[in-house]
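Every heavy atom of this structure was used, including side-chain atoms; hydrogens, water molecules and symmetry mates were not. In this chain, numbering begins with 1 at the start of the sequence shown. Ligands are counted one by one from 1 in listed order, and the atoms in each one are counted from 1 as well.
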Amino acid sequence: GAEQSTSTKVELRDDPVKSSSDYASGSGNAMSQGTKDNDSDSSGKVKIGFVQTANESGWRAAHTQSMKDIFSQDGYSYKFIDGQGEQSVQIAGIEELINDGYDAIILAPIVEDGWDDVLKKAQAAGIPVIIVDRKVSSDSSLYSCWVGSDFETEGKNAAKWLADNIGTSEQKNIVVLEGTTGSSAQLGRTEGFNSEISKYSSYSILASESGDFDKSKGKELMKKYLGQFDKIDVIVSQNDNMAYGVIEAIEEAGKNASDYTIVSFDGEAEAFKQMIAGKISVDIECNPLQGPTVEKLVKKLLNGETVDKEQFMEE
Ligand code: GZL
């Protein structure tokens with residue numbers, strides 16, 4: 001019969017260090033030494049990719065700028081990916097960074113659930129992932145660390161401020177505008193606020209629905225609340241952008257924002273102007289300037305160091 005070919009066809013790779021098996025094996029062969037070279041692309045720069053939620057708020061814009069400022073310094077090749085408010089877009093962005101052999105991936109997850117598969121892919125490719133701002137519900141073994149704020153404490157602080165400054169003797173009705181459902185900021189602020197305010201029988205929460213951290217959705221929700229309830233004393237808005245929508249809804253109804261106690265979160269410059277105008281009563285700080293903290297962690301991780309799983313921002 002026909003001469004059986006004895007040689008097997010050797011498949012040439014386009015880029016020998018891109019294959020995940022090179023990292024997973026760690027066999028010490030020439031290929032896995034490529035991991036060291038992989039810490040910098042041909043231009044000798046460290047490749048950093050940042051997958052952001054979207055641009056839904058002033059807080060988010062400051063967060064994005066903080067990362068851009070730090071990673072546009074010399075020595076980094078920085079790629080920003082806008083998640084456009086969709087988890088599927090964020091996941092596709094992470095996969096793109098994995099395929100392009102980035103040295104580290106920074107992810108600001110829009111919601112907590114649904115990240116296991118893509119985090120496993122990054123891990124298999126030997127690429128450290130730093131979770132920033134909101135958290136993921138994935139097991140912490142699937143990412144290097146998380147940097148962000150203590151959202152539950154923020155919620156508790158809002159309730160404590162009410163008890164201390166508005167008092168606990170007269171009956172007060174509260175309506176809440178929650179952030180994006182399933183995001184750590186929404187989950188934590190809601191849990192923290194509810195657990196603390198429930199200590200005071202003089203406060204009752206009439207409604208607590210999502211305005212998605214968005215100004216126009218917050219305005220529509222506040223208009224609905226104004227139509228539903230004839231006595232609202234306190235309005236808790238889980239970010240400043242929704243609080244601006246609340247103020248517009250109140251004023252378009254011919255009422256005064258200063259007749260209400262409006263509690264907001266984030267602490268944007270514009271919100272300070274609204275506080276000076278007496279329209280927002282208190283604003284719970286949430287620090288978006290995470291770039292410098294994240295850069296220090298990237299350097300440690302790429303240097304083979306381990307870091308604490310949770311890194312809280314100064315607030
Ligand atoms: C909080 C962050 C929230 C902000 C909102 O750390 O996740 O997302 O409070 C933003 O302004 O949309």
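Put simply, part of Arg189 is less than 4.0 Å from ligand 1, judged by heavy atoms. Ligand 1 lies nowhere less than 4.0 angstrom from a heavy atom belonging to Ser149.
Counting heavy atoms under 4.0 Å from ligand 1, residue Phe151 touches it through the side chain alone. When non-hydrogen atoms are compared, ligand 1 lies under 4.0 Å from neither the backbone nor the side chain of Met242.
For the pair Ser264 (side chain) and Asp283 (backbone), a donor-acceptor distance under 3.5 Å is absent.
By the 3.5 Å distance cut-off applied to N or O atoms, Trp59 is not counted among the residues near ligand 1. Among the atoms of Asn241, none of the N or O lies under 3.5 angstrom from an N or O of ligand 1.
In summary, the atoms of ligand 1 found under 4.0 Å from a heavy atom of Glu56, numbered by their order in the structure, are 8 (O), 10 (C), 12 (O). Those atoms of ligand 1 that come under 4.0 Å of a heavy atom in Arg134, given as number and element, are 3 (C), 7 (O), 8 (O), 10 (C), 12 (O). Atoms of ligand 1 lying under 4.0 Å from at least one heavy atom of Asp133, given by number and element, are 1 (C), 2 (C), 6 (O), 7 (O). Annotation for ligand 1: atoms under 4.0 Å from non-hydrogen atoms of Cys286 are 1 (C), 6 (O). Of all atoms in ligand 1, listed by their number and element, those nearer than 4.0 Å to a heavy atom of Asp266 are 4 (C), 5 (C), 9 (O), 11 (O).
In this structure, Val111 shares a hydrophobic cluster with Ile110, the cluster being traced through Ile, Leu, Val, Met, Phe, Trp and Tyr side chains under 4.5 angstrom apart.
With rounding to the nearest 0.5 Å, the separation of CD in Glu270 from CD in Gln274 is 5.0 Å. The CD atom of Gln238 sits 10.5 Å away from atom CZ of Phe151, with the distance rounded to the nearest 0.5 Å.
Remark: Lys172 fails to qualify as a cation-pi partner of Tyr203 under the 6.0 Å distance and 45° angle criteria applied to the six-membered ring.
Every residue two or more places apart in sequence or in another chain that forms a side-chain hydrogen bond (donor to acceptor under 3.5 Å, both in side chains) with Thr153 is listed here: Asp150.
Side-chain contact between Asp240 and Trp59 is absent, with no heavy atoms from C-beta onward closer than 4.5 Å. Side-chain contact between Val294 and Ile70 is absent, with no heavy-atom pair separated by less than 4.5 Å.
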